[in-house]
Chemist: 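Here it is, the structure in full.
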There are 2 protein chains.
Amino acid sequence: MVVDHLSVTFAALSDPTRRSIVARLTAGPATVMELAAPFSISQQAISKHLAYLENAHLIERKRAGRQNFCAIKPDTIREVADWAEGYRRIWENNFQRLDALLAEMKSEKKLSPKSAKPAVKKRKEHETQ
Amino acid sequence: MVVDHLSVTFAALSDPTRRSIVARLTAGPATVMELAAPFSISQQAISKHLAYLENAHLIERKRAGRQNFCAIKPDTIREVADWAEGYRRIWENNFQRLDALLAEMKSEKKLSPKSAKPAVKKRKEHETQ
DNA sequence: ATGATCCACAACCATATGGTTGTGGATAAC
DNA sequence: GTTATCCACAACCATATGGTTGTGGATCAT
């Protein structure tokens, strides 16, 4: 089973049903039955989806009598946004097109094979994870 | 198999090895061997990871002789950022704490059961997917 | 020509995922 | 007290995933 935080979050978001549930919860908390209503799958399947979302801390559940209210946990989605935002610099500059790089390398064939590694100006490497 | 675009992307990003590869590629294109070097798993496993990343349009590959250069495709990560950014309103306002909502509901028990649904001011629902 | 290097395809395995049905505990409604 | 409703647990199934080993086609170096 995946253990690291971001992996669990991304995995939870990799299902359209779960993303749809998250979207629904932006309109406010809802019971399990309310969340299940729009879908054609079983209530148990929704229950499993909610378990994944809760495990990823994307939602929280709280019992109130028979009902189990679900609400979004904004901080975790924020982590996803922060992660992706970290790559903003890349798409802004849109640097290092592969075609351009290979063309550049070809025109510099005189370089020794040892320096055949990408001739790209080194920038601060993006944080791992 | 998952088919919709965002699901494929999130699934591809739900593995720490693949996210690490993406992070590495922010420093510029690299060959498969260069990408595999930091990891203790087999070259074939890396090859499979790259196939997933390519299938999700997170990277592109281009043969150059024996070598297969990989480069990041910024636009797809941007889609992830855009998706998550769509939820900015939520974490900014940090509205609809579940505890608060349930407390509010409890203090309004005189409401008819039919209106027991979340008494939350309706806002524009977040787009699905 | 020979051999080494880069890389991906295929087959296999263990586990996770997304769904099902069956069931039953609480709680609410009557 | 009975009955209906809300919800999750368990067992099961088919497929996907992340890894392995084995292999071999190209290409480069000698």
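A, B, ... follow the sequence lines: proteins, then strands. Residue 1 opens every chain. Since the model is a prediction, treat every value here as computed from it, not as a measurement.
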Chemist: Which nucleotide in the set C:dG18, D:dG19, D:dC7 lies at the smallest distance from any side-chain heavy atom of A:Thr31?
Modeler: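 My answer, after comparing the listed nucleotides, is D:dC7.
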Chemist: Nearest heavy-atom pair of B:Leu13 and A:Phe10: which atoms, and what distance?
Modeler: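 Heavy-atom minimum between the residues: O-CD1, 3.4 Å.
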Chemist: Name the closest nucleotide to the A:Tyr52 side chain, picking from D:dG18, C:dG22, C:dT17.
Modeler: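 Minimum distance to the A:Tyr52 side chain belongs to C:dT17.
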Chemist: B:Glu34 has an atom CD; how far is it from atom P of C:dC7, in whole Å?
Modeler: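 Taking CD of B:Glu34 and P of C:dC7, I get 8 Å after rounding.
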Chemist: With the threshold set at 4.0 Å, does a side-chain nitrogen-carboxylate oxygen contact exist between A:Asp4 and B:Arg19?
Modeler: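 So A:Asp4 pairs with B:Arg19 through a salt bridge.
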Chemist: Between B:Leu50 and A:Gln44, who's closer to the 5' end of DNA chain C by nearest nucleotide?
Modeler: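 Nearest nucleotide further toward 5': that of B:Leu50.
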Chemist: Given C:dA8, C:dG19, D:dC6, identify the nucleotide with an atom nearest to the side chain of A:Arg66.
Modeler: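 Nearest listed nucleotide: D:dC6.
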Chemist: Nearest of D:dC7, C:dT21, C:dG18 to any side-chain atom of A:Met33?
Modeler: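 Nearest listed nucleotide: D:dC7.
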Chemist: Could you work out which one of C:dT20, D:dT20, C:dG22 sits closest to the side chain of B:Ala45?
Modeler: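 In terms of side-chain proximity for B:Ala45, the closest of C:dT20, D:dT20, C:dG22 is D:dT20.
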Chemist: Rounded to whole Å, how long is the line connecting atom CG of A:Asp15 with atom C1' of D:dT17?
Modeler: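 Value for this atom pair: 15 Å.
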Chemist: Considering only D:dA8, C:dA8, C:dA11, which nucleotide approaches the side chain of B:Lys48 most closely?
Modeler: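 So the side chain of B:Lys48 is nearest to C:dA11.
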Chemist: OP1 or OP2 of D:dT17 sitting under 4.0 Å from any side-chain N/O of B:Arg18?
Modeler: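 Negative; the distance criterion is not met.
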Chemist: What integer distance in Å separates A:Gln67:CD from D:dA4:P?
Modeler: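 The distance from CD of A:Gln67 to P of D:dA4 comes to 19 Å, rounded to the nearest Å.
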Chemist: What is the distance from CG of B:Leu35 to P of C:dC7, rounded to the nearest Å?
Modeler: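 Rounded to whole Å, this separation is 9 Å.
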Chemist: Nearest whole angstrom, please: distance from the C1' of D:dA8 to the CD of A:Gln43.
Modeler: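 Whole-Å distance recorded here is 7 Å.
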Chemist: Check the phosphate of D:dT20 against B:Ser42, side-chain N and O only, distance under 4.0 Å to OP1 or OP2. Yes or no?
Modeler: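 So the side chain of B:Ser42 is within the cut-off, an N or O lying under 4.0 Å from OP1 or OP2 of D:dT20.
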Chemist: Rounded to whole Å, please give me the gap between CD1 in B:Ile46 and P in C:dC6.
Modeler: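 Checked: the CD1 to P distance equals 15 Å.
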Chemist: Going by the angle between their ring planes, with limits at 30° and 60°, are B:His5 and B:His57 parallel, tilted or perpendicular?
Modeler: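 Tilted.
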Chemist: For the pair made of CG in B:Leu53 and C1' in C:dA8, what is the distance, rounded to whole Å?
Modeler: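 Distance, rounded to whole Å: 15 Å.
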Chemist: Looking at B:Glu92 and B:Arg89, is there a salt bridge between them, counting it only when a charged N and a carboxylate O are closer than 4.0 Å?
Modeler: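 No, no charged N to carboxylate O under 4.0 Å.
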Chemist: Provide, to the nearest angstrom, the distance between the CZ atom belonging to B:Arg63 and the P atom belonging to D:dC28.
Modeler: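 Nearest whole value for this atom pair: 10 Å.
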Chemist: The side chain of A:Val32 is closest to which nucleotide in this list: D:dC7, D:dT20, C:dC6?
Modeler: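 Of the options given, the side chain of A:Val32 lies nearest D:dC7.
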Chemist: Want to settle it: does A:Asn68 or B:Gly65 sit nearer the 5' end of DNA chain D, counting the closest nucleotide to each?
Modeler: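 It is A:Asn68, whose closest nucleotide lies nearer the 5' terminus.
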Chemist: Of the listed nucleotides (D:dA8, C:dG19, D:dG19), which one gets closest to any side-chain atom of B:His49?
Modeler: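 When the side chain of B:His49 is considered, D:dG19 is the closest of D:dA8, C:dG19, D:dG19.
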Chemist: Using a 3.5 Å distance criterion without hydrogens, assess whether the side chain of A:Ser47 forms a donor-acceptor pair with backbone atoms of A:Gln44.
Modeler: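 Absent.
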